[in-house]
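Data block below; observations after.
Note that this is a predicted model, so its numbers are computed, not measured.
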Amino acid sequence: MDLDRQRVLRDAIQVLIRNWHGHATVPSRSLYPHQWSWDSAFIALGLQHVSPRRAALELLSLFGAQWADGRIPHIAFNPAVPDEAYFPGPSFWRSGDRAGHPPIATSGIIQPPVHAIAAAAVSDGLGADGPAFAARAYPALVTQNDYVRRHRTLGRLAALVHPWETGLDNSPAWDAPLHAVPADLSLFDTYTRRDLHHARGSERPTNEDYARYIRLALAYRDCGYDDAIAQSSAEFLVVDPGFNALWAWSELALAALARSIERDPEPHLAEAARITAAMVEELWSSERGLFLAKDARSGRLLPERSVAGLVPLLLPGLPADVVRVLRQTLAGDCFRGQDGVRGVPSFDLTDPRYDPRRYWRGPTWLNTTWLVAVGLETHGDAQLADRLKADIVALVVKAGMREYFDPRTGSGHGTSSFSWSAALLVHILAGR
Ligand code: 2M8
């Protein structure tokens, strides 16, 4: 390993150690001082190379925040951190008011289900202790996906009630449905944004969009997080190709976990095939060259090209012509075709709304770039997958463990010492 790689590996491990708070890892000590759902899955993938036991605990501690209905909330709050350290905090979400709440305070929305993938990897790395871990993780993961299937599907695919549930919170793909939600700036008489204390305003969502996020979260909370009521009255309801692809991919990981503890993998394989087929029928656009999100309120596909539309490459069951077109789109002007682009930009470089430094509106993120790289490997394109991984290493060597990166200059943005950037770097340097 060359000196640069040795240096960033050491730095990454230090970030993971510093951000560990005893049973889980915060995404960032300043901007995100609690446990986040999909962050923990990416973090566990990296942590397994440092301490397989810590990686297992990371996931088990998140499963401890699971609700009785099966949902794994997008934030598990650390009781030792004051309410005002992050907004919206525990006093906003009021998870304790709802029957079947877990022993600690949590948010009420969800995030993409990447946890089974992490659990399957961690279980493999635990050696003789793997089956015992798998036996504990498996029921939580099955219930997590059952919740999505039973409470969140509209027709055949999962629908999300808040941009934060997609993980790509501020993507221009959400502009049209989100801008139909009133932006009530008087909400800031009651609530204070905390993100702007830790990150530049020019790199974060606007106040108007933040007011919409608050309104949507309040509406979901005030209907008691009841999904039937929420879906029938939702001001925002989208079917996201990234979330649905990760849901299908997680069923494949569940099949592997099931096998490892002598359970039947078949229902998981069938579910993955069902979701994959539904995605191709409902979200594929040969015209735009990738999967699109759908506005479930109008039934219309949203035309924006975002990295979420490339994430379904992870699915081995895609038709060959879909894979071919996805690879062309990835290599074309919208994502990688232009000189000097590193990783996979989160949004279409040719769209006037592309912004290389504002969160999820264009920067390269390491998690989505890694997911696309694994998708390429799934379909036999190890060469481009390796280039994406080399880009990830190069970005970190140049700018450190930043939250996101300008795709063309490689400069780092958002928060520093960001856990999933560190974890995925460790994972890639371990040859994954
Ligand atoms: C960002 O989202 C949170 C809300 O969940 C925020 O902006 O306050 C997103 O990048 C999300 O995908 C991520 O899980 C979270 C923590 O890293 O930060």
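The number of heavy-atom neighbours closer than 6.0 Å to CZ of Arg200, taken from other residues, nucleotides and ligands shown, is 12 or below. With a 6.0 Å radius and a threshold of 12 heavy atoms from other residues, nucleotides or ligands, Arg300 has its CZ atom at or below the threshold. Atom CZ of Arg288 sits in a crowded spot, with more than 12 heavy atoms from other residues, nucleotides or ligands closer than 6.0 Å. When the shell of 6.0 Å around CZ of Arg156 is examined, it contains more than 12 heavy atoms from other residues, nucleotides or ligands. Annotation for Arg18: atom CZ counts as buried by contact number, over 12 foreign heavy atoms lying within 6.0 Å. The local environment of CZ in Arg149 is crowded, with over 12 non-hydrogen atoms from other residues, nucleotides or ligands closer than 6.0 Å.
Closest approach of Pro241 to Ala293, counting heavy atoms only: CD-CA, 3.6 Å. Of all heavy-atom pairs between Gly299 and Lys294, the closest is O-CD, 3.7 Å. Here the closest non-hydrogen pair linking Leu302 and Pro177 is CD2-CD, 3.9 Å. Taking every heavy atom of both residues into account, Gly343 and Asp391 meet most closely at N-OD2, 2.7 Å.
Under 4.0 Å is where a charged nitrogen must lie from a carboxylate oxygen, and between Arg358 and Asp406 no such pair does. Classification of Arg297 and Asp295 as a salt-bridged pair fails, no side-chain N sitting under 4.0 Å from a carboxylate O. Note on Arg353 versus Asp175: salt bridge recorded, some NZ/NE/NH1/NH2 to OD/OE distance being below 4.0 Å. In this structure, Glu203 does not pair ionically with Arg361, as no charged nitrogen and carboxylate oxygen lie closer than 4.0 Å. Ion pair Asp227/Arg150 not flagged as a salt bridge, since none of the NZ, NE, NH1 or NH2 atoms sits closer than 4.0 Å to an Asp/Glu carboxylate oxygen. Between Arg152 and Glu165 a salt bridge is recorded (basic side-chain N to carboxylate O distance below 4.0 Å). Remark: Asp209 engages Arg212 in a salt bridge, criterion side-chain N to carboxylate O under 4.0 Å. Under 4.0 Å is where a charged nitrogen must lie from a carboxylate oxygen, and between Arg215 and Glu235 at least one such pair does. Ion pairing of Glu251 with Arg274 is absent here, as no side-chain N (NZ or NE/NH1/NH2) approaches a carboxylate O to less than 4.0 Å.
Between Gln35 and Ser61, the side chains place a donor N or O and an acceptor N or O closer than 3.5 Å (distance only, hydrogens not considered). In the model, His413 has no side-chain atom that pairs as donor or acceptor with a side-chain atom of Glu403 under 3.5 Å. Counting only N and O atoms by type, the side chains of Asp348 and Tyr354 include no donor and acceptor under 3.5 Å apart.
Judged purely by atom type and a 3.5 angstrom limit, Arg5 has no side-chain atom pairing as donor or acceptor with the backbone of Leu429. Checked by atom type and distance alone, the side chain of Thr166 pairs as donor or acceptor with a backbone atom of Pro163 at under 3.5 Å. A distance-only check finds no donor-acceptor pair linking the side chain of Asp381 to the backbone of Glu377 [under 3.5 Å]. A distance-only check finds no donor-acceptor pair linking the side chain of Arg305 to the backbone of Phe347 [under 3.5 Å]. Remark: side-chain polar atoms of His115 are paired, donor with acceptor, to backbone N or O of Ser37 under 3.5 angstrom. The backbone N or O of Leu366 lies less than 3.5 Å from no partner atom in the side chain of Thr369, so there is not a single donor-acceptor pair. For the pair Ser346 (side chain) and Pro363 (backbone), a donor-acceptor distance under 3.5 Å is present. In terms of modelled atom types and a separation under 3.5 Å, the side chain of His162 and the main chain of Leu216 share no donor-acceptor contact.
The OG atom of Ser285 sits 10.0 Å away from atom CZ of Phe291, with the distance rounded to the nearest 0.5 Å. Distance check: Trp247 CH2 to Ser250 OG gives 9.0 Å after rounding to the nearest 0.5 Å. How far CG of Leu292 is from CD of Glu282: 12.5 Å, rounded to the nearest 0.5 Å. Remark: Leu371 CG to Leu376 CG distance equals 11.0 Å, nearest 0.5 Å. Taken to the nearest 0.5 Å, the CD1 atom of Ile43 stands 10.0 Å off from the CH2 atom of Trp20. To the nearest 0.5 Å, the span separating CE on Met401 from OG on Ser421 amounts to 8.0 Å.
Checking each of Phe77, Trp93, Trp36 against Tyr86 for a ring-ring contact (aromatic ring centres under 6.0 Å, His included) leaves exactly one that passes, namely Trp36. His34 pairs with exactly one of Thr106, Asn78, Val26, Asp39 by the side chain to side chain contact (heavy atoms under 4.5 Å, CB included) rule, that one being Asn78.
Aromatic ring centres of His268 and Tyr138 lie closer together than 6.0 Å. The distance between the ring centers of Trp174 and His179 does not fall below 6.0 angstrom. Here the two rings, on Trp67 and Tyr225, have centers that are under 6.0 Å apart. A ring-centre distance under 6.0 Å is found for Trp38 and Trp420. Annotation: Trp164 is in aromatic contact with Tyr213 [ring centroid separation under 6.0 Å].
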Hey, mind stepping through Gln48 and His427 against side-chain contact (heavy atoms from CB on, under 4.5 Å) and telling me if it holds? CA-CA 8 Å; Gln48 63 169 323; His427 195 45; 3.4 Å; yes
As a quick check of understanding, evaluate side chain to side chain donor-acceptor pair (under 3.5 Å) for Thr25 and Asn19, giving each step before the final call. CA-CA 5 Å; Thr25 310; Asn19 290 352; over 6 Å; no
May I have the step-by-step check of salt bridge (Lys or Arg N to Asp or Glu O under 4.0 Å) for Arg259 and Glu266, ending in yes or no? CA-CA 10 Å; Arg259 268 190 217 102; Glu266 285 308 320; 5.9 Å; no
Starting from the C-alpha separation in whole Å, work towards a yes-or-no answer on side chain to side chain donor-acceptor pair (under 3.5 Å) for Asn170 and Arg204. CA-CA 8 Å; Asn170 197 25; Arg204 294 287 303 173; over 6 Å; no
Assess whether side-chain contact (heavy atoms from CB on, under 4.5 Å) is satisfied between Leu349 and Phe335, documenting all intermediate values. CA-CA 6 Å; Leu349 297 168; Phe335 292 100; 5.7 Å; no
For the pair Ser107 and His74, evaluate side chain to side chain donor-acceptor pair (under 3.5 Å) and give the outcome as yes or no after the intermediate values. CA-CA 6 Å; Ser107 68; His74 99 299; 2.7 Å; yes
May I have the step-by-step check of side-chain contact (heavy atoms from CB on, under 4.5 Å) for Leu160 and Leu237, ending in yes or no? CA-CA 5 Å; Leu160 304 172; Leu237 196 60; over 6 Å; no
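The aromatic rings of Tyr191 and Phe92 lie perpendicular to each other, with more than 60° between the two planes, well past the 30° mark. Using cut-offs of 30° and 60° for the angle between ring planes, the Phe87 and Tyr210 rings count as tilted.
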